[in-house]
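All of these numbers come straight from a predicted model, not from anything done at the bench. Counting starts at 1 for both ligands and their atoms, in listed order.
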Amino acid sequence: MNEMTSPKTGTVKALPDAQRVTEVRHWTDRLFSFRVTRPASLRFRSGEFVMIGLLKEDGKPLLRAYSIASPAWDDSLEFYSIKVPDGPLTSRLQHIEVGDEIILRPKPVGTLVHDALLPGKRLWFFSTGTGIAPFASLLREPQTYEDYDEIILTHTCRDVAELEYGRQLIEDLRADEMMRELLGDALDKLRYYPTTTREESPKMGRVTDLLRSGAIFDDLGIDRGMNPEADRAMVCGSIGLNTDLKEILEGYGLREGANSNPAEYVVEKAFVG
Ligand code: A2P
């Protein structure tokens with residue numbers, strides 16, 4: 001049992017699932033990331049999510065599903081979150097500081113996992129906003145590079161500042177000595193395709209529009225379209241993105257998979273409140 005000690009984030013109360021905050025980073029006035037200690041008993045597959053949260057005034061937990069942004073081998077847990085001024089959880093969670101405690105239920109679940117896809121050659125990670133989190137985990141998972149010849153991460157955000165978390169993730173990954181040692185040239189399989197929709201940047205537009213027009217394939221120098229034999233996709237973003245991409249992927253002949261029934265693509269909603 002731990003004590004919930006932060007005056008900012010909740011009443012002092014004994015918590016069975018408390019984890020201590022070890023790092024907080026504010027990326028923009030809408031986005032922040034943080035790390036917490038990892039319970040010794042927690043096992044998860046890269047790409048899964050857990051319930052995390054804070055205690056409410058009445059002493060009951062307020063929990064939401066958050067993708068774990070760190071890989072399964074890491075000894076701490078990273079999360080990437082939106083800040084919603086009137087969001088029940090994030091209006092308070094955004095104020096956490098190093099040393100505070102949050103609640104973490106150690107029961108990981110989710111479909112954005114390698115097990116839910118059939119073997120393929122090219123893996124697409126489609127994300128908007130904080131939907132990049134599960135892919136931040138999977139991109140640091142060696143199996144991603146072992147199982148595929150090519151990995152393409154797309155990240156669409158409103159403006160350039162909101163791309164920064166992903167940009168640094170890719171930069172750090174490419175410079176990471178341990179990953180280099182482990183994977184060697186396999187790291188070069190990774191392609192990064194950031195786009196913005198509301199601010200000028202080298203590549204503008206929703207990824208859905210770029211797929212429909214074929215521009216994304218031309219930009220990446222690959223044949224237009226996807227092939228259910230070779231292409232696999234994971235999607236994580238707003239409901240709109242998920243719905244639109246499902247239609248596009250089904251149009252290419254890809255079918256939605258699940259842990260119990262692996263197929264060609266999987267989808268999960270990024271938490272937004
Ligand atoms: P847009 O600016 O055109 O709405 P948000 O911050 O609201 O979650 O959005 C993150 C990014 O996702 C924005 O760039 C937004 O574009 C984009 N987006 C929203 N809906 C869709 C959709 N249905 N398909 C593709 N991208 C979307």
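The residue from Arg30, Glu199, Arg198 that puts a heavy atom closest to atom 6 (O) of ligand 1 is Arg30. Nearest to atom 17 (C) of ligand 1 by heavy atom, out of Leu241, Asp159, Thr128, is Thr128. The nearest non-hydrogen atom to atom 11 (C) of ligand 1, considering only Ile82, Asn242, Thr156, comes from Thr156.
When the options Phe34, Phe32, Phe49 are evaluated for a ring-ring contact (aromatic ring centres under 6.0 Å, His included) with Phe79, the one that passes is Phe34. Of the candidates Arg140, Arg38, Arg25, Glu78 forms a side-chain hydrogen bond (donor to acceptor under 3.5 Å, both in side chains) with just one, namely Arg140. Of the candidates Arg191, Lys121, Lys189, Glu150 forms a side-chain hydrogen bond (donor to acceptor under 3.5 Å, both in side chains) with just one, namely Arg191.
Polar contact check, Gly240 against ligand 1: a nitrogen or oxygen pair lies under 3.5 Å apart. At under 3.5 Å, a nitrogen or oxygen of Arg158, whether backbone or side chain, sits near a nitrogen or oxygen of ligand 1.
Taking the six-membered ring where tryptophan is involved, the planes of Tyr165 and Trp27 are perpendicular, since the angle between them exceeds 60° and thus also 30°. Below 30°, between 30° and 60°, or above 60°: for Phe135 and Phe125 the angle between ring planes is below 30°, a parallel geometry.
The environment of Asp185 atom CG is sparse: at most 12 non-hydrogen atoms of other residues, nucleotides or ligands sit within 6.0 angstrom.
Atoms of ligand 1 found under 4.0 Å from any heavy atom of Asp244, numbered from 1 in the order shown, are 22 (C), 23 (N), 24 (N). Close approach to Thr197 involves these atoms of ligand 1, each under 4.0 Å from a residue heavy atom: 1 (P), 2 (O), 3 (O), 13 (C), 14 (O), 15 (C), 16 (O). For ligand 1, the atoms lying closer than 4.0 Å to a non-hydrogen atom of Thr208 are 24 (N), 25 (C).
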